[in-house]
Amino acid sequence: MVETAVHPVDEKLPLVKLLPLGLQHVLVMYAGAVAVPLILGGALKLPKDQIAILINADLFACGIVTLIQSIGFRWFGIRLPVMMGVTFAAVGPMLAMATDPRIGLLGIYGAVIAAGIFGIVIAPFISRLLPLFPPVVTGTIIAVIGISLMRVGINWAAGGIGNPRFGDPLYISVAFLVLLVILGITKYLKGFFANIAVLLGLVAGFVVAMLLGQVSFAGVAEAGWIEPVYPFQFGLPTFDALAILTMCLVMIVVMIESTGMFLALGELTDRKIDKEDLTRGLRVDGLGTLIGGIFNTFPYTSFSQNVGLVGITGVRSRWVTATGGVIMLALGLFPKIATVVASVPQFVLGGAGIVMFGMVCATGIRILSRVDFRGNPNNAYIVAISIGLGMIPLVSERFFGQMPKALGPLLHSGILLASISAVLLNAYFNGMKGSADAAAEAAAAGRENDAAH
């Protein structure tokens, strides 16, 4: 009897490998995961202990939703190596709600809960748009995701936005050291150590930063060992129609961005993503947002940051991110440990960020290399114009400053602008038939890739 080969995505690695690989994913996303509660807590002028509640709730919910997405339970979960975290797409609208006395924190939670339910309901309709995403579209979107994220990595390397010493040569030097360690390990070490090159680079950078006196352990002594996370710690949510409508629009933005990210992961892991897979994955964006609203946190999405890590390490097992989910869950319940992990300076993360986010962009370029530009010159227009539109929010934050604020979630997301542009231009130049042909071409290329492996 011939044994069926296990796909790398479903491979169950030994615990001794799962723990460091999962921790690596957590460290990559940690700064982004806690950034939103820090921003919102500051805007709402919450005391430090209540901001700590927001952070612990965020980490706890991150863990739950990551486990659902990676492992998969019936109608929920794409079963790919995905880490879930609070989306930055909702920050602008939530800041506006936070400063509105009619809405406030409880109104935000009401809007988040309603948007989560809305996301679960519309997930199947978003997934039916898959034929609109041939390689010329997906390659463009994934390249723009990588370029957009690169700004995050670069800002980290300089010390992080808001740091009065932003751009300090010491920060940049340590970030460069992390980058060199990752490159050295990748080139000269093989197997397991090569797979955790990013983690080892971060550890090296953390040790150097600590020796240079650049690591602050403030708050560790005050943090409790165990703190439970329970629903509605700040009170019962309130529901405002305009806030709900705004958050539902954000949910659509988030799900379209997630679609591009899922397609990128499908490419990286050599697993074909069909409509049902997309539906299950997108439902978790909605379910995660619903869970977030109940457990005192915010809308959730699949984190693009971790896609690059999959590309760098070549480790495609979803059980790695499931382990990362367990770690996030533990960090939410053990505030003292979470505070220690939060002590990793942003400039240390920056050296790794440049590698990982660049890898996402490289994945988009690899997909575009399969597109027929010579036989169909119009494809070049699709790529050129879509990348140009995607760059607008990155290079000119005030470009859409005179537009209605309600359009903010749309106009300030370069990924969404590039996605809409690429889809519409592809339909204009190639039509639906062109989309279907291109999708078949992508599937064929994927089979060739499988054979090569």
Side-chain angles (χ1 to χ4, degrees), residues 6-34 58-73 76-87 142 145 149 192 195-199 202 254 257-271 273 277-278 280-285 287-288 291-292 300-332 338 341 349 352-353 355-357 359-360 363:
V6 176
H7 192 283
V9 167
D10 302 315
E11 183 182 2
K12 293 184 178 179
L13 304 173
L15 188 62
V16 70
K17 291 186 176 182
L18 282 175
L19 284 174
L21 288 169
L23 178 60
Q24 185 171 237
H25 271 282
V26 170
L27 287 173
V28 162
M29 67 169 291
Y30 192 91
V34 301
D58 177 23
L59 297 173
F60 178 78
C62 273
I64 292 175
V65 186
T66 296
L67 285 167
I68 295 171
Q69 189 72 283
S70 298
I71 297 173
F73 300 93
F76 297 92
I78 197 167
R79 298 184 177 95
L80 285 175
V82 176
M83 295 293 289
M84 301 289 291
V86 174
T87 175
I142 294 165
I145 289 174
L149 288 171
F192 178 64
N195 291 339
I196 59 168
V198 172
L199 176 60
L202 290 172
V254 164
E257 289 185 350
S258 290
T259 299
M261 199 220 68
F262 291 146
L263 294 171
L265 260 182
E267 290 283 341
L268 281 171
T269 58
D270 294 330
R271 170 159 279 183
I273 305 299
D277 294 324
L278 267 183
R280 288 198 308 272
L282 294 173
R283 275 199 195 108
V284 176
D285 279 2
L287 179 62
I291 291 171
Y300 279 82
T301 187
S302 310
F303 254 37
S304 304
Q305 286 95 318
N306 296 79
V307 177
L309 188 57
V310 174
I312 290 172
T313 64
V315 177
R316 295 174 276 176
S317 172
R318 59 194 171 97
W319 298 103
V320 169
T321 50
T323 304
V326 173
I327 294 171
M328 295 293 277
L329 196 62
L331 290 175
V341 175
L349 294 171
V355 183
M356 293 180 302
F357 305 155
M359 188 63 73
V360 177
T363 299

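As the structure is a prediction and not an experimental result, all values here were calculated from the model.
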Please round to the nearest 0.5 Å and tell me the distance separating atom [atom1] of [X] and atom [atom2] of [Y].
{"X": "L287", "Y": "I68", "atom1": "CG", "atom2": "CD1", "answer": "4.5 Å"}
{"X": "I273", "Y": "F262", "atom1": "CD1", "atom2": "CZ", "answer": "8.5 Å"}
{"X": "L268", "Y": "L263", "atom1": "CG", "atom2": "CG", "answer": "11.5 Å"}

Are the side chains of [Y] and [X] in contact, using a 4.5 Å heavy-atom criterion?
{"X": "Y300", "Y": "D58", "result": "yes"}
{"X": "F60", "Y": "L329", "result": "yes"}
{"X": "P8", "Y": "D270", "result": "no"}
{"X": "T323", "Y": "L19", "result": "yes"}
{"X": "V310", "Y": "H25", "result": "yes"}
{"X": "C62", "Y": "M84", "result": "no"}

Given the rule in the side-chain contact (heavy atoms from CB on, under 4.5 Å) test, do V320 and L18 qualify, once you have shown the distances and angles that lead to the verdict? CA-CA 5 Å; V320 169; L18 282 175; 3.9 Å; yes
Over all atoms of both residues, closest heavy-atom pair of [X] and [Y]:
{"X": "G266", "Y": "L80", "answer": "N-CD1, 4.5 Å"}
{"X": "F73", "Y": "R79", "answer": "N-NH2, 4.1 Å"}
{"X": "P81", "Y": "L265", "answer": "O-CD1, 3.5 Å"}
{"X": "T321", "Y": "S70", "answer": "OG1-OG, 2.8 Å"}
{"X": "G77", "Y": "V284", "answer": "N-CG2, 3.1 Å"}
{"X": "L282", "Y": "S258", "answer": "CD2-CB, 3.9 Å"}

Tell me whether S317 contacts the main-chain N or O of E11 through its side chain, where contact means a donor paired with an acceptor under 3.5 Å.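 Yes.
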Tell me if a side-chain donor or acceptor on Q69 pairs with a main-chain N or O of I78 at a distance below 3.5 Å.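 Yes, because the side chain of Q69 sits within donor-acceptor range (under 3.5 Å) of the backbone of I78.
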Residues forming a salt bridge (charged side-chain N to carboxylate O under 4.0 Å, His left out) with R318, sequence neighbours excluded: D10
Hey, is R271 close enough to D277 for a salt bridge, meaning N to O under 4.0 Å? no
